[in-house]
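Structure first, then comments.
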Amino acid sequence: MNIKVMTAKDVTKKVINKEQLFILDVRNVNDFEEWKIEGENFNYLNIPYFDLLDGVEEIVDKLPTNMDVLVVCAKEGSSVMVAEMLAEKEFSVYYLEGGMKAWSEYLEPVKVGDLNGGGELYQFVRIGKGCLSYMVISNEEAAIIDPTRMIERYISLVEEKGVKISHVFDTHLHADHISGGRRIAEILGAQYWLPPKDATDVTFNYKALEGGNEVKIGNSTINIHALYSPGHTIGSTSFVIDEKYLLSGDILFIDSIGRPDLAGLAEDWVSDLRESLYVRYRELSEELIVLPAHFMMIEELNEDGTVAAKLGTLFAKNHGLNIEDEQEFRKIVTENLPPQPNAYQEIRETNMGKINPDVEQQREMEIGPNRCAVR
């Protein structure tokens with residue numbers, strides 16, 4: 001029996017469609033426990049590759065015979081070898097093409113909805129990393145918000161749609177992933193926007209993104225309104241698009257809120273975070289659909305694969321928006337925080353233009369789960 005290949009795109013479809021899948025992860029136990037492929041109907045067995053060098057006889061009775069088995073490792077090679085041994089035992093077995101590195105980098109574009117004047121809004125779900133980025137399309141123009149470094153995915157969609165990227169925005173200086181904003185702007189001649197309070201140490205030119213900015217995309221009625229909302233960073237800026245969608249950056253997520261400590265200023269920024277969430281956002285329409293820059297858990301995905309919810313729903317259900325006592329709020333967002341993102345200082349320096357790691361170094365810097373939230 002031949003082994004078969006499953007791509008990150010294939011696995012993403014299974015996640016969104018809530019299909020069954022059995023994953024044999026042959027990475028080290030610590031790596032598996034820290035970060036794995038998640039699916040609502042996925043089952044797992046973690047056996048390090050080195051424990052299987054002499055054969056798979058000891059695990060065959062732990063594997064299902066009535067569903068596909070996907071073997072996963074860091075880069076692909078080890079999973080191919082284990083898959084071949086399982087195929088000899090008559091299992092229906094696949095290996096993950098490109099391993100967890102490919103899983104970390106895959107972007108799935110999902111249409112969020114239509115906009116006034118014939119425009120469209122897309123959400124790019126980086127399912128293995130929990131990153132979310134966006135594209136607004138209107139009248140042959142496009143804007144990208146919080147792009148990842150995998151810029152080919154955005155360029156592919158605009159080429160398919162026959163539109164030109166004219167603006168690229170980062171809602172803040174990211175600390176958990178490397179932005180593709182400057183690179184897109186350089187390659188395609190687009191305008192790159194960054195909040196100036198986050199850009200005091202950058203080494204490149206940018207357009208200042210400040211509260212009150214309105215940037216029109218195309219000739220339609222679509223306006224991107226910038227809303228200054230500090231707290232995750234001192235420059236964090238949200239967007240209201242088409243008076244319908246609130247792109248909240250890393251301030252507000254579906255099931256959590258942003259952490260204020262990734263620049264070492266948690267005590268300084270916690271008051272800003274509370275004011276943004278409890279004052280500025282309270283002044284907005286509860287009918288706005290919140291579209292965050294990250295998600296923490298696979299349960300935050302909707303049936304259509306989007307990560308989105310009405311602001312009013314979050315005011316009612318998100319614990320981070322319902323902490324009445326200010327001192328309790330301060331304690332929650334400054335103490336007992338989850339581990340900080342992998343290589344977050346180097347990622348910040350890369351996004352400032354201070355260092356220029358190669359592609360393989362960038363991949364290593366980003367390995368691991370999203371850790372931008374407090375829950």
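This is a predicted model, so every value here is computed, not measured. The residues of the chain are indexed from 1 along the displayed sequence. Computation of the quantities below employed the complete heavy-atom set of this structure, encompassing side-chain atoms and omitting hydrogens, waters and symmetry-equivalent molecules.
- Between Arg27 and Glu33 there is no salt bridge, since no side-chain N of the basic residue sits under 4.0 Å from a carboxylate O of the acidic one.
- Look at Lys164 and Glu141 and you find no salt bridge, because none of the NZ, NE, NH1 or NH2 atoms lies under 4.0 Å from a carboxylate O.
- Look at Glu287 and Lys310 and you find a salt bridge, because one of the NZ, NE, NH1 or NH2 atoms lies within 4.0 Å of a carboxylate O, short of that distance.
- A salt bridge links Arg149 with Glu105: the closest approach of a Lys/Arg side-chain nitrogen to an acidic carboxylate oxygen falls below 4.0 angstrom.
- Under the 4.5 Å side-chain heavy-atom criterion for grouping Ile, Leu, Val, Met, Phe, Trp and Tyr, Ile16 is connected to Leu291 within one hydrophobic cluster.
- For the atom pair Lys62 NZ and Leu24 CG, the distance stands at 10.5 Å (nearest 0.5 Å).
- Between Met150 and Phe124, every side-chain heavy-atom pair lies at or beyond the 4.5 Å cut-off.
- Defined by atom type and a distance below 3.5 Å, a donor-acceptor pair is present between the side-chain atoms of Tyr192 and Asp170.
- Ion pairing between Lys14 and Glu19 holds under the 4.0 Å rule for side-chain N and carboxylate O.
- The local environment of CE in Met352 is crowded, with over 12 non-hydrogen atoms from other residues, nucleotides or ligands closer than 6.0 Å.
- Ile234 has its side chain within reach of Asp198: a pair of non-hydrogen atoms, C-beta onward, lies under 4.5 Å apart.
- A centroid separation of less than 6.0 Å is found between the aromatic rings of Phe169 and Phe239.
- Side-chain atoms of Val290 and Phe253, non-hydrogen and from C-beta on, never get closer than 4.5 Å to each other.
- Around atom CD of Glu364, more than 12 heavy atoms belonging to other residues, nucleotides or ligands sit under 6.0 Å away.
- If you look at Phe22 and Phe42, their ring centroids are not closer than 6.0 Å.
- Annotation: the span from Gln191 atom CD to His167 atom NE2 amounts to 7.0 Å, rounded to 0.5 Å.
- Residues Tyr245 and Val240 fail the side-chain proximity criterion, which asks for heavy atoms closer than 4.5 Å.
- Note that OG1 of Thr237 is 8.5 Å distant from CG of Asn213, once rounded to the nearest 0.5 Å.
- Exactly one residue among Val72, Ile37, Thr7 makes a side chain to side chain contact (heavy atoms under 4.5 Å, CB included) with Trp103. That residue is Ile37.
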Applying side-chain contact (heavy atoms from CB on, under 4.5 Å) to Phe295 and Val125, what does each step give before you reach the verdict? CA-CA 9 Å; Phe295 65 97; Val125 181; 3.9 Å; yes

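- Counting heavy atoms from C-beta outward, Asn318 and Ile254 have side chains that stay 4.5 Å or more apart.
- A salt bridge does not link Glu186 with Arg183: every distance from a Lys NZ or Arg NE/NH1/NH2 to an Asp or Glu carboxylate oxygen is 4.0 Å or more.
- The cationic group of Lys9 does not satisfy the cation-pi geometry with Tyr106, failing either the under 6.0 Å distance to the six-membered ring centre or the 45° limit from the ring axis.
- Here the CD-CD1 distance, from Glu366 to Ile347, works out to 5.5 Å after rounding to the nearest 0.5 Å.
- Remark: Arg182 fails to qualify as a cation-pi partner of Tyr206 under the 6.0 Å distance and 45° angle criteria applied to the six-membered ring.
- Between the NE2 atom of His319 and the CG atom of Leu314 there is a distance of 14.5 Å, given to the nearest 0.5 Å.
- Using a 4.0 Å cut-off between charged nitrogen and carboxylate oxygen, Glu360 and Lys101 count as a salt-bridge pair.
- Transitive grouping of hydrophobic side chains (ILVMFWY, heavy atoms separated by less than 4.5 Å) keeps Leu321 and Val279 in distinct clusters.
- Other residues, nucleotides and ligands contribute at most 12 non-hydrogen atoms within 6.0 Å of the NZ atom of Lys317.
- A cation-pi geometry, defined here as NZ or CZ lying under 6.0 Å from the six-membered ring centre and within 45° of its normal, holds between Lys36 and Phe32.
- Contact record, Ile137 with Ala142: CG1-CB, 4.2 Å, taken as the closest heavy-atom pair.
- With no hydrogens or angles considered, no side-chain donor-acceptor pair links Asp146 and Ser133 at under 3.5 Å.
- With values rounded to the nearest 0.5 angstrom, Leu173 atom CG is found 9.5 Å from Ser236 atom OG.
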Walk me through whether Ser271 and Arg330 qualify under side chain to side chain donor-acceptor pair (under 3.5 Å). CA-CA 8 Å; Ser271 296; Arg330 176 177 291 273; 3.0 Å; yes

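- Side-chain contact between Phe204 and Leu194 is present, with heavy atoms from C-beta onward closer than 4.5 Å.
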